[in-house]
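Here the structure comes first, spelled out in structure tokens, and everything after it is commentary.
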Number of protein chains: 2
Amino acid sequence: MAVTIRDVARVSGVHVSTVSRAFTAAHLVNPETRARVLAAAEELGYRPNRAARALSTRRTGNLGLIVADIANPFFPPLLKAAQAQARARDYHVFIADTDEQSRVEEELVRSMAKQVDGAVLVAPRLTNTAITALAEELPLVVVNRRPPGVPGVLMDVGSGARKAMEHLLALGHREIALLSGPGRAWTSGEIERAANRVADDHGVLIQRIGPNPPTEEGGRAAAEEVAASGATAVLAHNDLVAFGLIRRSAELGLSVPGDLSVVGVDDSHLARYTAPALTTVHMPVAEAGRGAVDLLLQSVTSGGSAGTVSLETALVVRDSTAPPPGNTSAAPPPVTGDDAAG
Amino acid sequence: MAVTIRDVARVSGVHVSTVSRAFTAAHLVNPETRARVLAAAEELGYRPNRAARALSTRRTGNLGLIVADIANPFFPPLLKAAQAQARARDYHVFIADTDEQSRVEEELVRSMAKQVDGAVLVAPRLTNTAITALAEELPLVVVNRRPPGVPGVLMDVGSGARKAMEHLLALGHREIALLSGPGRAWTSGEIERAANRVADDHGVLIQRIGPNPPTEEGGRAAAEEVAASGATAVLAHNDLVAFGLIRRSAELGLSVPGDLSVVGVDDSHLARYTAPALTTVHMPVAEAGRGAVDLLLQSVTSGGSAGTVSLETALVVRDSTAPPPGNTSAAPPPVTGDDAAG
DNA sequence: TTGAAAGCGCTAACAT
DNA sequence: ATGTTAGCGCTTTCAA
């Protein structure tokens with residue numbers, strides 16, 4: 001068996017409770033005793049058993065991270081940052097992939113509950129009500145979601161979408177389609193709302209195509225409808241959908257950005273590498289990951305549940321957007337101001 | 001406090017041990033009693049506390065997954081598959097990112113040890129000796145590494161590299177460079193060995209450039225040396241390095257595949273989307289992830305440590321490879337057989 | 001400053 | 001088939 005606190009106690013000639021104190025309440029033990037205990041621990045290679053500790057302290061030192069799809073390139077940088085932040089605070093992290101299924105999400109949180117001090121739900125697919133209910137059972141922080149009473153980190157995708165729309169309008173587009181994501185995704189609503197607002201201000205009407213699965217396949221499947229719609233520009237739910245659309249459109253004989261301008265959302269790793277490089281809304285995922293963990297640890301430590309943090313997004317203009325076919329009147333500044341033009 | 005086994009016992013009018021048995025040894029309890037217990041548990045929303053259970057069973061129901069860099073697109077699909085497989089077996093998974101640092105890797109495994117039944121080290125950067133030593137402390141399975149006595153899953157990148165070399169040679173390349181990865185990575189050695197063997201067989205000499213960090217930056221940084229080397233084709237350590245090389249080469253005025261053919265390794269998500277689409281060695285990462293978990297669970301369950309599983313790789317020819325400049329004698333079959341030609 | 005003892009939630013002999 | 005008891009590794013009163 002592994003070496004336990006008892007072994008350390010025996011070797012250092014003190015009682016187990018003293019060993020315990022040497023590790024968790026240094027000031028309660030004589031420096032010399034403590035040194036002796038630590039030396040013995042070192043020598044034996046003793047490591048406190050966190051699970052056993054958790055049993056009496058009710059603090060596991062673990063966090064849960066729940067995401068819809070690890071393989072979606074949006075998530076890994078967020079996971080990496082969150083994991084790093086947790087580790088820096090000496091927390092271990094459980095990770096779980098829900099495969100985009102809200103039931104799995106709920107079940108996962110519940111089954112994890114006893115083993116973690118709290119969990120981060122990244123872009124959850126659950127309803128707000130379900131999330132709020134879960135938050136009763138254990139400290140929760142959500143990313144890109146706004147259930148009442150639950151602290152969270154939001155990446156302000158709405159302002160990014162607004163900038164994207166203004167960019168497209170400035171390029172001269174008037175027929176713009178929105179390739180929307182799953183209804184359960186918070187970003188879907190945010191993007192749609194923001195896009196419609198800008199469109200209204202400019203007296204332009206947006207066609208909404210969707211909902212679509214937030215995957216390449218989702219984008220591919222929508223390509224024909226986009227082509228038939230007569231749109232000259234598309235704002236896609238995310239980069240993956242944008243890629244799917246671009247590739248399928250090419251097969252249908254439409255070139256991007258020549259025939260069709262496409263804007264993604266996420267600014268995932270891929271966006272820089274594709275042909276054409278993707279104009280997209282940059283999401284500060286690493287900050288969000290760190291922020292979510294900070295928020296969670298804060299609410300775990302100080303009991304009180306913190307508020308909501310909102311993070312800026314930005315439009316990154318690359319090569320997938322251009323003036324509409326047969327239009328040469330591109331306005332120079334790609335990212336315009338806030339003024340509306342009726 | 002959360003509901004415990006005691007609450008269930010009280011409500012269902014039996015002793016705690018009966019409740020325990022109802023959950024873990026159904027056949028030892030009267031069906032009717034069991035039904036009553038289960039009903040009470042259901043009603044109370046009881047969930048066994050896995051950490052407490054672990055204390056007496058010495059089985060945590062948790063697994064560890066240690067990777068060098070979550071954000072490297074090679075890993076997420078593997079993590080996803082491994083996580084899914086674990087969940088299917090009712091195991092929870094801890095994930096940890098080592099940031100490519102072998103010391104962190106070791107520390108992480110140790111700090112996790114008490115909380116997991118075993119761990120999967122994916123493409124570890126530790127030395128074989130260190131890994132073998134760690135395997136004494138807890139069941140370990142490695143992916144893409146072959147430390148003596150430790151079970152593992154290997155993706156046979158050597159055969160993929162061989163096919164890549166044959167592909168380049170068939171295209172007419174004679175000046176081939178190898179952009180090697182970090183020395184600590186198992187794949188580095190495998191690729192180099194396989195590439196050299198093929199080169200020898202064809203009386204061609206390979207230039208080895210590196211080691212390089214396994215990142216886009218690593219590829220970028222090597223681009224000038226590649227250009228100076230006179231190579232007409234490059235076999236890169238992985239897709240990321242290949243991308244970096246391609247992009248930096250473009251800045252240097254070299255086009256791919258016109259001036260330079262580039263082959264990657266991994267067949268990550270990105271490879272299909274880049275311009276040009278990347279010719280690369282496909283790695284069966286999902287299978288590897290599942291296989292590693294299976295192997296680990298097997299060695300956890302049945303004590304015995306299983307052997308090593310080797311998975312096939314394949315060359316995926318896309319658009320980043322072509323005949324060398326000024327050579328039109330491209331051989332048609334992109335993937336050639338095993339014959340050597342002196 | 002240290003030791004003794006109880007208990008965290010659960011399982012596992014051992015009785016009955 | 002079920003209850004009793006001890007104990008997993010650790011923390012935390014309570015005494016001394």
Side-chain angles (χ1 to χ4, degrees), chain A residues 1-38 40-41 44-62 90 110-117 137-138, chain B residues 1-38 40-41 44-62 90 110-117 137-138:
Chain A
M1 280 309 69
V3 19
T4 79
I5 201 174
R6 256 210 257 309
D7 301 314
V8 179
R10 187 165 11 81
V11 169
S12 52
V14 298
H15 195 267
V16 290
S17 57
T18 303
V19 177
S20 173
R21 280 188 284 255
F23 278 95
T24 58
H27 59 284
L28 290 183
V29 44
N30 183 311
E32 290 174 17
T33 316
R34 182 171 135 88
R36 199 146 36 89
V37 169
L38 263 27
L44 296 173
Y46 168 74
R47 297 247 175 182
N49 181 326
R50 297 182 137 212
R53 177 179 286 175
L55 210 47
S56 56
T57 58
R58 298 171 170 291
R59 286 294 209 72
T60 62
N62 296 147
D90 198 29
R110 289 231 160 78
S111 75
M112 225 173 231
K114 296 284 196 347
Q115 282 198 97
V116 300
D117 296 335
E137 304 186 25
L138 88 166
Chain B
M1 284 302 77
V3 18
T4 80
I5 202 174
R6 257 210 258 309
D7 301 314
V8 179
R10 185 162 18 78
V11 170
S12 50
V14 297
H15 196 269
V16 289
S17 56
T18 303
V19 176
S20 174
R21 280 188 285 255
F23 278 95
T24 59
H27 60 285
L28 290 182
V29 44
N30 182 309
E32 289 174 17
T33 317
R34 183 170 135 87
R36 199 147 37 90
V37 169
L38 262 30
L44 296 172
Y46 168 73
R47 297 250 176 179
N49 181 327
R50 296 183 137 214
R53 175 180 288 176
L55 210 46
S56 57
T57 59
R58 293 160 178 297
R59 288 292 209 72
T60 62
N62 296 150
D90 200 29
R110 288 231 160 77
S111 77
M112 227 173 232
K114 295 283 197 349
Q115 280 197 100
V116 300
D117 296 333
E137 304 186 26
L138 86 166

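These values consider heavy atoms only, across backbone and side chains, with no hydrogens, waters or symmetry-generated copies. Computed from a predicted model, the values in this text were never measured in an experiment. Letters A, B, ... mirror the listed sequences (proteins, then strands); counts begin at 1.
- Under the salt bridge (Lys or Arg N to Asp or Glu O under 4.0 Å) criterion, the residue pairs touching residues 2-25 of chain B are B:Asp7-B:Arg10, with sequence neighbours excluded.
- When all heavy atoms are compared, the tightest approach of B:Tyr46 to B:Val3 is CD1-O, 3.5 Å.
- Contact check of residues 50-57 of chain B against DNA chain C (heavy atom, cut-off under 4.0 Å) returns B:Ala52, B:Arg53, B:Leu55, B:Ser56, B:Thr57.
- Counting to the nearest Å, the C1' atom of C:dT1 and the CZ atom of A:Arg36 are 12 Å from each other.
- Between A:His15 atom NE2 and D:dG9 atom P there is a gap of 15 Å when expressed in whole angstrom units.
- Rounded to a whole Å, the CG atom of B:Asn49 is 8 Å from the P atom of C:dG9.
- Although no hydrogens or angles enter the test, the distance criterion places a donor-acceptor pair under 3.5 Å between the side chain of A:Arg50 and the main chain of A:Gly61.
- In this structure, A:Ser20 reaches the bases: a heavy-atom distance under 4.0 Å links it to at least one base atom across the strands shown.
- Taking atom CG of B:Leu28 as the reference point, atom C1' of D:dT2 lies 11 Å away to the nearest angstrom.
- Spacing between atom CZ of A:Arg34 and atom P of C:dT1 amounts to 13 Å, rounded to whole angstrom units.
- B:Gln115 CD to A:Asn62 CG: the interatomic distance, rounded to the nearest 0.5 Å, is 4.0 Å.
- For C:dG9, its base never sits under 3.5 Å from the side chain of A:Arg58 at any donor and acceptor pair.
- Which of C:dC10, D:dC10, C:dC14 sits closest to the side chain of B:Pro48 comes down to C:dC10.
- Residue A:Ser17 is in base contact, counting any heavy-atom pair closer than 4.0 Å across all strands shown.
- Straight-line distance from the CZ atom of A:Arg10 to the P atom of C:dG3: 15 Å, rounded to whole Å.
- A:Asp7 has its CG atom 11 Å from the P atom of D:dC8, to the nearest Å.
- Distances from the side chain of B:Ile5 to the nucleotides C:dG3, C:dC10, D:dT2 place C:dC10 closest.
- When the nucleotides C:dT2, D:dG9, C:dA5 are ranked by their closest atom to the side chain of A:Val29, C:dT2 comes out on top.
- A donor-acceptor contact under 3.5 Å is formed by the side chain of A:Arg21 with the base of C:dG3.
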Report the C-alpha separation of A:Thr4 and A:Asn49 in whole Å, then their side-chain angles, then the decisive distance to 0.1 Å, and conclude whether the side chain to side chain contact (heavy atoms under 4.5 Å, CB included) test is met. CA-CA 8 Å; A:Thr4 79; A:Asn49 181 326; over 6 Å; no

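- B:Ile5 contributes atom CD1, which lies 12.5 Å from atom CG of B:Leu44 (distance to the nearest 0.5 angstrom).
- If you take CZ of B:Arg59 and P of C:dA12, they are 10 Å apart, rounded to a whole angstrom.
- Nucleic acid contact for A:Val14: sugar-phosphate only, since backbone atoms but no base atoms lie under 4.0 Å from a heavy atom of the residue.
- Here B:Arg58 contributes atom CZ and B:Asp117 contributes atom CG; the two are 11.5 Å apart, rounded to the nearest 0.5 Å.
- Residue-to-nucleotide proximity on DNA chain D shows that, of A:Phe23 and B:His27, the 5′-proximal contact is made by B:His27.
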